[in-house]
Amino acid sequence: MRGVPTTLITVAPTGAETTKDQWPQLPTTLDELVATATACEAAGAALVHVHIRDDEHRPTLDGQRLKDTVAALRESTDLVVQLSTGGSVHDPLDVRLKVLDAEPDSCSLTMGTTNFGDDVFLNPWPFVCDLYQLSQEREVVPEFELFDLGQVHALTRLLDKYGPPYGGKVHVDLVMGVPGGMNGTADALVASVRDLPASVTSWSATGIGRSTLAVMLASLSKGGHLRVGMEDVLTISRGVPVQSNAQLVERAVAIGALAQRVPMTTAEARELLGVRGR
Ligand code: KMH
Ligand code: ZN
């Protein structure tokens with residue numbers, strides 16, 4: 001690591017909720033995803049959190065598409081490739097476990113069930129345990145996604161029961177401001193960080209929608225890392241649509257610079273997260 005404070009910038013470019021019809025600039029094809037990832041790496045991102053779409057731009061967890069996506073991102077970028085195991089609220093649990101067959105560097109792992117707008121994002125405890133043990137077996141580094149304070153507590157319980165993740169590092173992402181989860185506020189962030197298990201080695205935060213800037217500033221102020229992207233926010237300011245994911249990464253880099261942080265390189269991110277060398 002360098003002698004200056006560095007910030008891991010994760011980009012979550014697509015998500016599963018927004019439709020291509022609504023937002024044509026959303027990267028939904030493989031070519032668009034690779035182009036976005038390349039631009040975001042150049043702008044300062046070091047990790048990409050990936051959801052993929054089918055030929056009709058609908059969310060999918062198709063195994064071959066996931067493998068092709070991992071290969072294409074590795075071919076064109078040096079980003080740490082994290083596949084979503086959350087998928088969409090409609091994806092069955094057994095299909096979500098199969099995401100690890102695509103052999104990503106990292107996978108998301110949400111620590112509990114959350115009301116998700118009008119839907120339910122299902123993560124029953126036995127599923128969380130199965131996915132965690134599978135990530136250990138397959139040598140894939142989990143990013144623990146915490147949508148609520150109760151999930152902070154559940155992480156302690158998981159680590160106590162099954163030990164550390166593959167790679168020995170424990171990285172958390174606070175996903176804040178989901179309707180049904182914790183607030184996207186500095187107070188909620190401080191409470192979550194206060195209760196993180198002592199074995200957590202790094203954490204980032206993202207605020208959904210209009211909470212994006214409050215969460216970003218609170219995260220920098222508490223020494224956390226940042227996640228941005230069109231999965232989480234679609235306007236750059238009130239009523240002004242985001243033009244590209246790189247625009248959001250550039251803004252995070254600029255705000256980080258005000259806090260005297262520099263973006264972490266992809267090599268530094270691999271070390272921070274303990275991902276398998278390739
Ligand atoms: N699309 C949400 C239902 C994850 O990627 O693991 C779940 C989600 C979390 O986005
Ligand atoms: Zn996601």
Side-chain angles (χ1 to χ4, degrees), residues 9-20 22-23 26-28 33 36-37 40 45 47-54 57-61 65-66 69-70 73 79-100 102 104-124 127-128 130-132 134-135 140-148 151 154-155 158 165 171-182 184 203-209 211-212 215 226-234 245 248 273:
I9 299 180
T10 296
V11 63
T14 309
E17 283 71 41
T18 302
T19 67
K20 186 78 164 174
Q22 285 171 301
W23 294 88
L26 191 76
T28 51
L33 179 64
T36 289
C40 289
L47 192 160
V48 61
H49 168 84
V50 178
H51 291 253
I52 62 165
R53 302 292 177 101
D54 65 14
H57 311 283
R58 291 174 309 213
T60 177
L61 291 179
R65 265 180 199 262
L66 286 171
T69 302
V70 171
L73 288 168
L79 293 165
V80 177
V81 178
Q82 178 182 96
L83 290 181
S84 166
T85 63
S88 85
V89 290
H90 307 295
D91 287 315
L93 300 180
D94 58 333
V95 179
R96 288 169 53 193
L97 286 175
K98 286 195 187 316
V99 166
L100 268 56
D105 301 313
S106 171
C107 66
S108 57
L109 198 168
T110 296
M111 285 307 305
T113 294
T114 306
N115 282 325
F116 200 84
D118 293 338
D119 295 302
V120 177
F121 177 29
L122 204 61
N123 296 284
F127 169 74
V128 170
D130 287 350
L131 180 54
Y132 185 53
L134 194 61
S135 74
V140 174
V141 170
E143 174 181 280
F144 299 101
E145 300 215 353
L146 309 180
F147 287 68
D148 220 335
Q151 294 177 15
L155 176 59
L158 186 81
H171 180 70
V172 160
D173 183 47
L174 304 172
V175 184
M176 311 183 66
V178 168
M182 65 180 142
W203 60 273
S204 63
T206 183
I208 304 302
S211 70
T212 186
V215 169
L226 306 176
R227 170 172 131 171
V228 296
M230 293 176 73
E231 174 166 347
D232 300 341
V233 63
L234 292 160
N245 281 287
L248 291 169
L273 302 170

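Keep in mind the model is a prediction, meaning the values are calculated, not measured. For this chain, numbers begin at 1 and follow the sequence in order. Start at 1 and go down the list; that is how both ligands and their atoms are numbered.
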Please verify the inter-ring angle class for Phe147 with Phe121; under 30° counts as parallel, over 60° as perpendicular, anything in between as tilted.
perpendicular
Atom 7 (C) of ligand 1: the protein heavy-atom neighbour that sits closest, reported with distance to 0.1 Å
Phe121 CZ, 3.5 Å
Apply side-chain hydrogen bond (donor to acceptor under 3.5 Å, both in side chains) to residues Thr206 and Asp232 and explain how you reach the verdict.
CA-CA 8 Å; Thr206 183; Asp232 300 341; 2.7 Å; yes
Nearest neighbour in protein (non-hydrogen) for atom 4 (C) of ligand 1
Ser84 OG, 3.3 Å
Can you list the steps and then say if Thr10 with Glu143 is a side-chain hydrogen bond (donor to acceptor under 3.5 Å, both in side chains)?
CA-CA 11 Å; Thr10 296; Glu143 174 181 280; 4.7 Å; no
Ala16 versus ligand 1: do any nitrogen or oxygen atoms come within less than 3.5 Å of each other?
no
Starting from atom 6 (O) of ligand 1, which protein heavy atom do you reach first, and at what distance in Å?
Ser108 OG, 2.7 Å
Mind checking whether Pro59 has a heavy atom under 4.0 Å from ligand 1?
no
Which residue and non-hydrogen atom of the protein lie closest to atom 10 (O) of ligand 1, and at what distance in Å?
Glu231 OE2, 2.9 Å
Heavy atoms only: give me the nearest Ser84-His51 pair and the separation to one decimal.
OG-CE1, 3.0 Å
Taking everything shown except Asp94 itself, do over 12 heavy atoms lie less than 6.0 Å from its CG?
yes
Note, the Zn ion (ligand 2) has protein N, O or S atoms under 2.8 Å numbering 3
List every atom of ligand 1 that sits less than 4.0 Å from any heavy atom of Gly86, numbering the atoms from 1 in the order shown and giving each element.
4 (C), 6 (O)
Atom 3 (C) of ligand 1: nearest protein contact (heavy atom, Å):
Glu17 OE2, 3.6 Å
Among His90, Gln82, Arg96, His51, whose heavy atom sits nearest atom 8 (C) of ligand 1?
His51
Which heavy-atom pair separates Ala16 from Gly87 by the least distance, and what is that distance?
CB-O, 3.6 Å
Hey, mind stepping through Asp173 and Ser204 against side-chain hydrogen bond (donor to acceptor under 3.5 Å, both in side chains) and telling me if it holds?
CA-CA 5 Å; Asp173 183 47; Ser204 63; 2.7 Å; yes
Count the heavy atoms belonging to other residues, nucleotides or ligands that lie under 6.0 Å from NZ of Lys98, then report whether that count exceeds 12.
no
Nearest heavy atoms of Leu79 and Leu47, plus distance in Å:
CD2-N, 3.9 Å
My understanding is that only residues two or more places apart in sequence, or in another chain, count here; which of them pass side chain to side chain contact (heavy atoms under 4.5 Å, CB included) with Leu26?
Thr14, Thr18, Trp23, Thr28, Arg53, Met230
I'd like to check which ligand 1 atoms, numbered from 1 as shown, lie under 4.0 Å from a non-hydrogen atom of Glu145.
4 (C), 9 (C)
Is the backbone N or O of Gly112 less than 3.5 Å from a side-chain atom of Thr110, with the two atoms forming a donor-acceptor pair by type?
no
